[in-house]
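Below is one structure, written out as structure tokens, with a few remarks after it.
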Amino acid sequence: MTGVTGAQLSRGRWAFAFALVTSLFFTWGFAYGLLDVLNSHFQTVFGISKLQSTLLQLAYFGAYFVFSPVAGIFMNRYGYKKGIHLGLSLYSIGAIFFWPSAKFAKYGGFVGSTFVIGCGLSCLEVAANSYISVLGTQKYAAARLNFSQGFQGVATFAGPMIASKWFFQGKNATTLDTVQWVYLAVAGLGVVLNILFYFCDLPDITEDALAQEMHAAGINADHEPFRKQYHCIFGCGAQVGVAALAVNYLVEQNVGFDKSFASQMFSYCQITFAVGRFVGVVLLNFLDPALLLSFYGVACSAFALGVSYGPGSAGVGCLFALFFFESICYPVIFTLGTKNLGRHTKRGSGLVVMGVGGGAWWPPMQGAIADHNTAHSYVIPFIGYVIMTFYGVGIVMAQARKGGFRLRTFDEIEEKAAEIAPEGSVVSENVSSDLDKKRDEEFVESVA
């Protein structure tokens, strides 16, 4: 299959592809922001427990676990663009079925519709995360993905803000009328994006081209079977979320928040999350991603315990800090897990996104504890952050064994190409010239 690498694109084609794919992050950020607020709303409307309300998260993240590998295989055969069309189609279909679920007040319908939305978004995540990661030099992959996912954070706080005005006030606090209209609008957004992608010229970045770039630099990691790509295998287990019961937590901290204001405060948590991602873009232009992930993992672990046991406003402050430090973790895990996979890139992307399916199991465990004490339920995310920290530290140690301890971010392909090139010669037509050109044009560097 013919294709190009991100470094071989002209500046105009690169910027167009980057902007278009980044728009997808806004799409699923908005859907995810609404999802966590629906937990609290459905507890009131359907009279269900916190544990039962987390069936939404089970369906949403369970879809990631089930469908992400399928999406990876699909894109390996048909390419990123058709994968995006599949994801947007499933996303719109799931959102449309929120209307009959709300019309007939069927909680099971909402759960099923959420599963379909999750299948669509898992497909979009495999496509968009992978595409942005390989759309340029390896050195800035984590910064690039954090920048794109920052717009997911911007959209995520819009969901709770809308919910605070439309789901929890007046008669809407006990009905589903506004839910159906909001999700019909979400479906419409998916249809519009699908049409735009149909008419756009999205450059085809293939695994063959990526593998050729690696091999030219003397990196042959993808010659090993996929089961031996350990940095990818272990990366899929390091996903965790804290948002599902945030509204309940804010209400129960005895600081004077009702559900409407707690939903608004939750949107401020999501703003903090978005700000954290953009701060991360700057840091990742200079610092090694694995090292920064290790530091952020320690901070997340500490603040998760603070949320669990901090009284009143102190616990709320720890929750905001937790959202800030959680911000860069998933994009960094994704870029570390899919680094130098070559011919395994799309399959590996599907596996790492499948790890988001961990969100299907953590919220129900949290919900079981939260039915007795919501604050103490945050011990469950704490366990996930400890696992994530071990992953980051493990990558740092593996890098140190191969090339010494790294404080600054680096491009392994570029360094290896320089090592094998004869002194005074041009490194490689496929590697050096393209990377030098791309380094001068790299969008993320200008952000920093």
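Computed from heavy atoms alone, side chains included, the values below leave out hydrogens, waters and symmetry copies. The first residue of the sequence shown is numbered 1, and numbering continues consecutively from there. All values reported here derive from a predicted model rather than from experimental measurement.
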Is any side-chain heavy atom of [X] closer than 4.5 Å to a side-chain heavy atom of [Y]?
X: F334; Y: E125; result: no
X: V251; Y: D258; result: no
X: H376; Y: Y309; result: yes
X: F67; Y: L86; result: yes
X: F25; Y: N129; result: yes
X: P381; Y: E326; result: no
X: Y80; Y: V21; result: no
X: I333; Y: M388; result: yes

List the atom of [X], the atom of [Y], and the distance in Å for their closest heavy-atom pair.
X: L293; Y: G392; answer: CD2-CA, 3.9 Å
X: M75; Y: A127; answer: SD-CB, 3.4 Å
X: S301; Y: Y385; answer: OG-CB, 3.5 Å
X: A274; Y: G150; answer: CB-O, 4.1 Å
X: F257; Y: L250; answer: CD1-O, 3.6 Å
X: R406; Y: D288; answer: O-CB, 3.7 Å

Item to complete: Please check if atom CZ in F390 has more than 12 non-hydrogen atoms from other residues, nucleotides or ligands closer than 6.0 Å.
Response: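 Atom CZ in F390 is not packed in, count stays at 12 or less.
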
| With F74, which residues qualify under ring pair (Phe, Tyr, Trp, His ring centres under 6.0 Å), at least two apart? |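 For F74, the residues satisfying ring pair (Phe, Tyr, Trp, His ring centres under 6.0 Å) (neighbours in sequence not counted) are Y78.
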
From [X] atom [atom1] to [Y] atom [atom2], the distance as rounded to the nearest 0.5 Å:
X: Q399; Y: L336; atom1: CD; atom2: CG; result: 7.0 Å
X: I117; Y: S122; atom1: CD1; atom2: OG; result: 12.0 Å
X: Q57; Y: L55; atom1: CD; atom2: CG; result: 9.5 Å
X: R144; Y: N285; atom1: CZ; atom2: CG; result: 10.0 Å
X: T114; Y: Y183; atom1: OG1; atom2: OH; result: 6.5 Å
X: S327; Y: Q149; atom1: OG; atom2: CD; result: 10.5 Å

Exercise. Check the pair L24 / L88 against side-chain contact (heavy atoms from CB on, under 4.5 Å), numbers first and verdict last.
Key: CA-CA 9 Å; L24 296 174; L88 285 171; 4.1 Å; yes

Between the side chain of [X] and the main-chain N/O of [Y], is any donor-acceptor distance below 3.5 Å?
X: Y249; Y: A370; answer: no
X: Y107; Y: Q52; answer: yes
X: S68; Y: F65; answer: no
X: S308; Y: V379; answer: yes

According to the interplanar angle, ranging from 0 to 90°, do the rings of Y60 and Y64 count as parallel (below 30°), tilted (30 to 60°) or perpendicular (above 60°)?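 Rings of Y60 and Y64: tilted, as their planes differ by 30° to 60°.
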
| query | Relative to each other, are the rings of F151 and F278 parallel, tilted or perpendicular (30° and 60° limits)? | reply |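 Rings of F151 and F278: perpendicular, over 60°.
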
Going by side-chain hydrogen bond (donor to acceptor under 3.5 Å, both in side chains), name the residues that satisfy it together with [X], two or more places apart in sequence or in a different chain.
X: T22; value: S148
X: S113; value: none
X: S23; value: none

**Report entry** Under the side-chain contact (heavy atoms from CB on, under 4.5 Å) test, residues paired with L292 that sit two or more places apart
**Finding:**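 If we apply the side-chain contact (heavy atoms from CB on, under 4.5 Å) test to L292, skipping adjacent residues, the hits are L283, L284, L287, Y296, I328.
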
Considering only distance and modelled atom types, tabulate donor-acceptor pairs under 3.5 Å from the side chains of residues 312-325, sequence neighbours left out.
none

| request: Verify whether one side chain among Y330 and Q152 offers a donor that lies under 3.5 Å from an acceptor in the other. | output: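 Side-chain D/A pair, Y330 to Q152: absent.
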
For a quick check under 3.5 Å, do Y91 and N194 share a side-chain donor-acceptor pair by atom type?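 There is no such pair between these side chains.
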
Notebook entry, point to check: Checking side-chain contact (heavy atoms from CB on, under 4.5 Å) for the pair F405/L291: CA distance, chi angles, key distance, verdict?
Noted result: CA-CA 10 Å; F405 177 77; L291 187 63; 3.9 Å; yes

